[in-house]
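Quick note: residue numbers are just sequence positions, from 1.
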Amino acid sequence: MMRRVCSFLRRQAGGALAGALALALILLPVSGKAENLVVDLSDDTINIESNFTGANIVVFGEIVRDAATVGRPEPYDLAVIVSGPQTRVTTRRKGRFAGIWVNRDAETFLEVPSFLVTHTSRSANEIAPRPVLEQHRIGLFNLNLPITGDSGVPMSDRDNFRRAFLRLRVDSGLYAERSGVIEFLSDTLFRTTVPLPANVPVGNYTVTTYLLRGGALLASNEQSLVVAKTGFEQLTYRLAYNYAALYGLLAIALAVFTGWLAGVIFRRD
């Protein structure tokens, strides 16, 4: 008798749950990915040779819309972010000690992009609220800069080091933020040109494109970019980083040989 009662209750509970799920599905709005991004690069590999003075990467694409796209008065906004390999950077502040300017305080930032360029269709604070910008690192001042746990810099002074870090990176050409530089060729076609300076770090890069409208993220796309040394530059780079001792010995031998050769050529009898 008890088994029959339990079985009946389970059937009733299952029926109630199925009915609730069906009602929920009916009440939920029909949602689909109405917009999507198709993006490509003019070059996916940048080769650095002895005469390298910089390069330009063209990021172009199309906003793909389907029948589920809802017409809205807000315009489309785009953000293109080119990010280089992550690295560890220490920012130092000089101070006077016994009448001499020396390095005093220092802040070390962990896992920050070695190269970062942000292009937006409008100013970053106009295309989305700050939480969205911080989540997707749109804009230099929305970039999260983690620090070491043993930092000796007071909390009240950390913003100064953060601003100094960004200023130094911008001055060196490794960081940049440009607004209004994404060109719409039509309602859905777009392009932008990202310059890479001569001192661009080597490594694997990511080119991320975000599509926003009315402050909401609609779609994103990620492409890969490789910056690599070639020829003799690649050989010396690998020796310096992978075989430091051998590289040092070869450099000393080359310097001695060059000095000896110069002495022979310019010797006065």
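Remark: the backbone N or O of P113 is paired with a side-chain donor or acceptor of Y175 at under 3.5 angstrom. A donor-acceptor pair under 3.5 Å is formed between the side chain of S114 and the backbone N or O of P85. Here the side chain of S186 pairs a donor or acceptor atom with the backbone of L189 at under 3.5 angstrom.
Nearest heavy-atom pair across H119 and I182 is O-CD1, 3.6 Å. Closest of all the heavy-atom pairs between A128 and L133 is O-CD1, 3.5 Å. Counting all heavy atoms, side chain and backbone alike, F115 lies closest to P201 at CB-CD, 4.1 Å. Closest heavy-atom contact between P197 and G173: CG-O, 3.5 Å.
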Could you give me the CA-CA distance, side-chain angles and deciding distance for T120 and R178, then say whether side chain to side chain contact (heavy atoms under 4.5 Å, CB included) is met?
CA-CA 6 Å; T120 53; R178 306 179 183 97; over 6 Å; no

Given side chain to side chain contact (heavy atoms under 4.5 Å, CB included), test R213 with E35 step by step and report yes or no.
CA-CA 10 Å; R213 196 170 196 176; E35 288 98 348; 4.0 Å; yes

Let me see the working for T208 and R137 under side chain to side chain contact (heavy atoms under 4.5 Å, CB included), right down to the final yes or no.
CA-CA 10 Å; T208 308; R137 303 191 308 176; over 6 Å; no

Taking it one step at a time, do T90 and T108 satisfy side-chain hydrogen bond (donor to acceptor under 3.5 Å, both in side chains)?
CA-CA 4 Å; T90 299; T108 299; 3.0 Å; yes

For I48 and V200: C-alpha separation, side-chain torsions, deciding distance, then whether side chain to side chain contact (heavy atoms under 4.5 Å, CB included) applies.
CA-CA 9 Å; I48 297 180; V200 60; 4.1 Å; yes

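Atom OG1 in T45 sits 8.0 Å away from atom CG in D43 (nearest 0.5 Å). Taking OG of S220 as the reference point, atom NE2 of H136 lies at 7.5 Å (rounded to 0.5 Å). Here the OG atom belonging to S224 is positioned 7.5 Å from the CG atom belonging to N204, to the nearest 0.5 angstrom. With rounding to the nearest 0.5 Å, the separation of CD in E62 from CG in N36 is 10.5 Å.
Cluster annotation: F161 is connected to V170 through the hydrophobic network of ILVMFWY side chains, with a link wherever side-chain heavy atoms come within less than 4.5 Å. Hydrophobic clustering (ILVMFWY, side-chain heavy atoms < 4.5 Å, transitive): L211 and F184 are in one cluster. Under the 4.5 Å side-chain heavy-atom criterion for ILVMFWY residues, a single connected hydrophobic cluster contains both F141 and V132. Placement of F52 and V226 in two distinct hydrophobic clusters is found when ILVMFWY residues are connected by side-chain heavy-atom separations under 4.5 Å, directly or transitively. No single ILVMFWY cluster, assembled from side-chain heavy atoms under 4.5 Å apart, contains both L254 and W260.
Between F190 and F60 there is no side-chain heavy-atom pair separated by less than 4.5 Å. Between L78 and Y210, every side-chain heavy-atom pair lies at or beyond the 4.5 Å cut-off. Looking only at side-chain heavy atoms (C-beta outward), L37 and L218 stay at 4.5 Å or farther from each other. A heavy-atom distance below 4.5 Å is not found between the side chains of I81 and V117. Using a 4.5 Å cut-off on side-chain heavy atoms (C-beta onward), E222 and V207 make no contact. Residues V58 and R191 are in side-chain contact: their nearest non-hydrogen atoms beyond the backbone lie under 4.5 Å apart. Side-chain contact between V82 and L116 is absent, with no heavy-atom pair separated by less than 4.5 Å. Residues Y76 and L212 fail the side-chain proximity criterion, which asks for heavy atoms closer than 4.5 Å.
Around atom CZ of R122, more than 12 heavy atoms belonging to other residues, nucleotides or ligands sit under 6.0 Å away. When the shell of 6.0 Å around CG of D171 is examined, it contains more than 12 heavy atoms from other residues, nucleotides or ligands. At most 12 heavy atoms of other shown residues, nucleotides or ligands fall within 6.0 angstrom of atom CD in E111. Other residues, nucleotides and ligands contribute more than 12 heavy atoms inside 6.0 Å of the CG atom of N199.
With hydrogens and angles left out, the side-chain atoms of N221 and Q223 include a donor and acceptor closer than 3.5 Å. Of the N and O atoms on the side chains of S121 and D77, at least one donor lies less than 3.5 Å from an acceptor on the other residue.
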